[in-house]
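These notes concern the structure reproduced below.
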Amino acid sequence: MPTKKSWAEPWKIKMVEHLHMTTKEERIKAISAAGYNTFLLKSRDVYIDLLTDSGTNAMSDRQWAGLMLGDEAYAGSRNFYHLEKAIQDFYSYKYLVPTHQGRGAEHIFSQILIKEGDFVPGNMYFTTTRLHQELAGATFVDVIIDEAHDTSSTHPFKGNIDISKLQKLVDEVGADKIPYISIATTVNMAGGQPLSMANLKELRKWADKYKIPIAHDMTRVAENAWLIQEREEGYENIPIKDIVYEICSLTDHATMSAKKDPIVNIGGFLATNDEDVYRQAQNMVVVFEGLHTYGGMAGRDMEALAIGIEESVSDDHMQARVGQTHYLGQKLLDFGIPIIVPIGTHGVFLDAKKFLPHLEQDVFPAQTLAAEIYIESGVRTMERGIVSAGRNKATGEHYYPKLELVRITIPRRVYTQSHMDVTAEAIAVVYERRNSVKGLKFTYEPEYLRFFQARFEPIK
Ligand code: F0G
């Protein structure tokens with residue numbers, strides 16, 4: 001009798017999309033034309049696209065059917081009311097303001113809450129989130145636990161907030177300089193690491209004491225809930241749906257990139273329990289996104305999102321989603337390849353400092369590694385290191401993040417286990433020849449979110 005029970009996807013395939021295979025010579029040309037930046041590759045030249053799980057998901061037949069129910073009225077679309085009900089029923093928030101995607105919500109939220117000279121503490125930064133906080137006049141302060149910066153620490157909740165770091169900030173600048181605490185459920189830049197319910201409850205108590213609201217980046221909240229179910233005492237038998245609801249109800253406001261957890265290709269929103277913030281957001285959304293009952297989304301997209309939210313909190317879906325990521329991560333570990341442990345949910349993160357220890361951070365090891373993986377196999381991954389971290393706006397110096405990572409991100413319901421095998425084997429080949437890999441230098445560096453459009457050339 002086999003001792004370990006395999007998991008399988010709780011769906012079957014109804015339609016396929018052909019992939020384009022390339023030769024190594026073609027890929028060398030393609031990555032050079034893309035300035036050694038995987039964001040600048042044409043998707044036609046990519047075989048297995050593991051750049052991101054954002055907007056790259058496969059919708060279900062129910063969601064596709066939902067598209068046909070799109071009510072494209074400029075005002076008061078019925079799909080808005082369906083989406084509003086889904087936000088209330090599954091996420092607990094009272095008020096909804098849709099936006100075209102996550103950063104649209106971050107922009108509006110930051111502008112409403114932040115005053116020049118404020119400080120926003122958070123459990124590690126996310127690129128767009130921190131930029132909007134900075135553009136609104138705030139300084140971001142990282143208050144994640146130290147273990148999050150250590151790729152080999154096996155702490156089960158590396159997304160946790162260190163309350164003593166928060167306390168230190170309040171003691172230094174005063175609670176009135178902190179408009180909100182910015183928490184992300186599963187911390188993307190830390191390798192998809194979760195925070196625990198116990199930590200969130202402790203944070204809630206602390207925040208109440210100082211009357212500081214908690215703003216929740218809930219982009220991958222269901223994935224965090226899955227990890228709580230797996231790792232936190234008392235949650236083993238609680239459905240994901242209930243854990244998601246409990247997490248949300250411990251926070252005051254939320255921004256979401258709906259392109260992740262809820263399995264759609266576009267969309268986002270701001271949600272809140274605060275009527276005053278809601279009124280201001282409704283007013284701002286008409287300036288920057290669209291009327292408050294669509295905020296930049298088509299009616300049909302709001303319908304697909306409402307259905308996707310319900311599908312995303314199912315235990316079966318989540319088991320397969322995370323099961324696939326863990327399958328890939330375990331294969332890489334078996335090859336002896338340095339990755340962040342514990343393995344997260346939306347992707348596996350290669351530790352580029354350990355993979356290419358002969359490269360200084362100034363020559364962009366993770367950027368280099370992502371280009372090498374593409375050349376080897378046509379698999380597209382993403383840099384999450386010094387290039388993503390950008391420059392300190394006051395000094396103009398690079399931020400030197402402790403984590404120098406390549407993210408291998410898994411879209412939801414898109415690739416099979418065999419695609420994961422091919423990916424792991426390709427990375428193992430690059431690992432074999434790692435000593436011959438040289439670094440990169442900038443040939444073009446944009447001012448904002450430079451990782452998206454920067455160009456490089458190999459160092460001779
Ligand atoms: N917050 C988190 C945690 C994210 O991962 C993202 C996007 C955003 C906010 C911004 O949302 O893209 O809809 O405007 N992450 C993508 C990624 C880009 O690849 O991880 P957006």
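Residue indices begin at 1 and follow the sequence shown. Whatever order the structure lists ligands and atoms in, that order sets their numbers, starting from 1. Remember, it's a predicted structure, so these values are computed and weren't measured experimentally.
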- Item | Derivation and outcome, side-chain contact (heavy atoms from CB on, under 4.5 Å), residues Phe355 and Ile427 | CA-CA 11 Å; Phe355 200 115; Ile427 293 168; 4.0 Å; yes

- Message: Tell me whether Tyr448 at atom OH has more than 12 heavy atoms from other residues, nucleotides or ligands lying less than 6.0 Å away.
- Response: no

- Would you please write out the protein residues whose heavy atoms approach any atom of ligand 1 to under 4.0 angstrom, listed by chain and number? Thr52, Ser54, Gln101, Gly102, Arg103, Glu106, Phe126, Thr128, Asn188, Asp217, Thr219, Arg220, Ser257, Lys259, Lys260, Met382, Arg407

- Item | Lys/Arg cation over aromatic Phe442: Arg450, 6.0 Å, 45° cone | no

- Item | CH2 (Trp64) with more than 12 external heavy atoms under 6.0 Å | no

- Partner set under side-chain hydrogen bond (donor to acceptor under 3.5 Å, both in side chains) for Glu383, not counting sequence neighbours: Ser388

- Qualifying residue, where the test is side chain to side chain donor-acceptor pair (under 3.5 Å) with Asn188 and the options are Arg384, His346, Gln193: His346

